[in-house]
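Read the structure below first, then the notes.
The residues of the chain are indexed from 1 along the displayed sequence.
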Amino acid sequence: MRFARLSLRQAQYNLVAYTRSARTVIFGVLMPVGFLALFNSVFGGKFKTIPVEGHDISTIAFYTGGLTTYGVMLGTFTGILVAIVGAREAGWLKRFRGTPMPSGVFLAGEILYLFVTSLGLIIVMLAVSHFGYSLSLPAHAYLAIFCYTVLGVFAFSAMGLALTRLITTSEMAGSVGPFTVVILSFVSGVFLAPNLLPQWLLTFSSYLPLEPIVSGMQHAIALPGGSGLQLRPFIVLGVWGVVSFVIAQSNFTWEPQRH
């Protein structure tokens, strides 16, 4: 109970800091929204539908699902990577661990904060798509999107934590994180329609951590009927998340790594 209460306080502190950082809000929320408006303006008039895994879905549904997931990965994977490396190299993690507070509170608070900001981003993206582009979601989509968000935050945060041991400066983290997300986005159906990519690249990307959840989000938003949930994202992201968590747990350090 004490651990949960302290983790919530830490998450609240992170949220306050987040809202006070204009750069973080711009890159975390306004950039995905800007991309949504840009891509829909460029491609929305030319391509009314985009083929995805045997289904033709609307252009706005395609980009809403893809760019929302892009924003979630950018915020969680990059966010936790920059936050942990920066706090560790500044000596905050070392001092934090020396206090009576449970050592996992900082990490739990960070993940809770990322989950809340991810939900906030999704609400904004869906609102823009609905009021700006008349996108109507089927009833099942809300539960599916929530489940995919929980899955994504877990897997992407675990991946970021696993990578913190190799990254020694916050500047490096701020470069590696966004670069990784952008590269994955180009091959995962976020910026480019799958039919524009070679088959071998589509097959390869289906085993990477972004494409399965992008596809799941797009289908949940676009297709009526069913639960909106697909098994493949949970298998692929589950494997990435569990493996990354094990690596992070065995290699995570609270001590600064720069010499």
Practice problem: Measure the OG-CG distance between Ser157 and Leu161 for me, rounded to the nearest 0.5 Å. | Solution: 6.5 Å
Please tabulate, for the side chains in residues 187-195, all donor-acceptor contacts under 3.5 angstrom to protein atoms that are two or more places apart in sequence or on a different chain.
| unit_1 | atom_1 | unit_2 | atom_2 | d |
| --- | --- | --- | --- | --- |
| Ser188 | OG | Leu184 | O | 2.5 |

Quiz item: Would you say His140's side chain and Leu223's backbone share a donor-acceptor pair under 3.5 angstrom?
Solution: yes
Quiz item: Of all residues at least two apart in sequence or in a different chain, which pass the side chain to side chain contact (heavy atoms under 4.5 Å, CB included) check with Val116?
Solution: Leu15
Kindly list each side-chain donor-acceptor pair under 3.5 angstrom involving residues 65-76, sequence neighbours excluded, with atom names and distances?
| unit_1 | atom_1 | unit_2 | atom_2 | d |
| --- | --- | --- | --- | --- |
| Thr68 | OG1 | Thr64 | O | 2.6 |
| Thr69 | OG1 | Gly65 | O | 2.7 |
| Thr76 | OG1 | Val72 | O | 2.7 |

Exercise. Output every pair passing salt bridge (Lys or Arg N to Asp or Glu O under 4.0 Å) with a member in residues 180-206, not counting sequence neighbours, ordered by first then second residue.
Key: none
Self-check item: Gap separating the OG1 atom of Thr149 from the CE atom of Met217, nearest 0.5 angstrom
Solution: 4.0 Å
Practice problem: Kindly say whether Phe62 contributes a backbone atom to a donor-acceptor pair with the side chain of Gln218 at under 3.5 angstrom? | Solution: yes
Quiz item: Taking only residues at least two apart or on different chains, which pairs with a member in residues 231-242 satisfy salt bridge (Lys or Arg N to Asp or Glu O under 4.0 Å)?
Solution: Glu53-Arg232, Glu211-Arg232
Quiz item: Atom CG in Asn40, atom OH in Tyr63: separation rounded to 0.5 Å?
Solution: 9.0 Å
Quiz item: How far does CZ of Phe156 sit from OG of Ser118, to the nearest 0.5 angstrom?
Solution: 9.5 Å
Quiz prompt | side chain to side chain contact (heavy atoms under 4.5 Å, CB included) involving Leu30 - partner list, sequence neighbours excluded | solution = Ile26
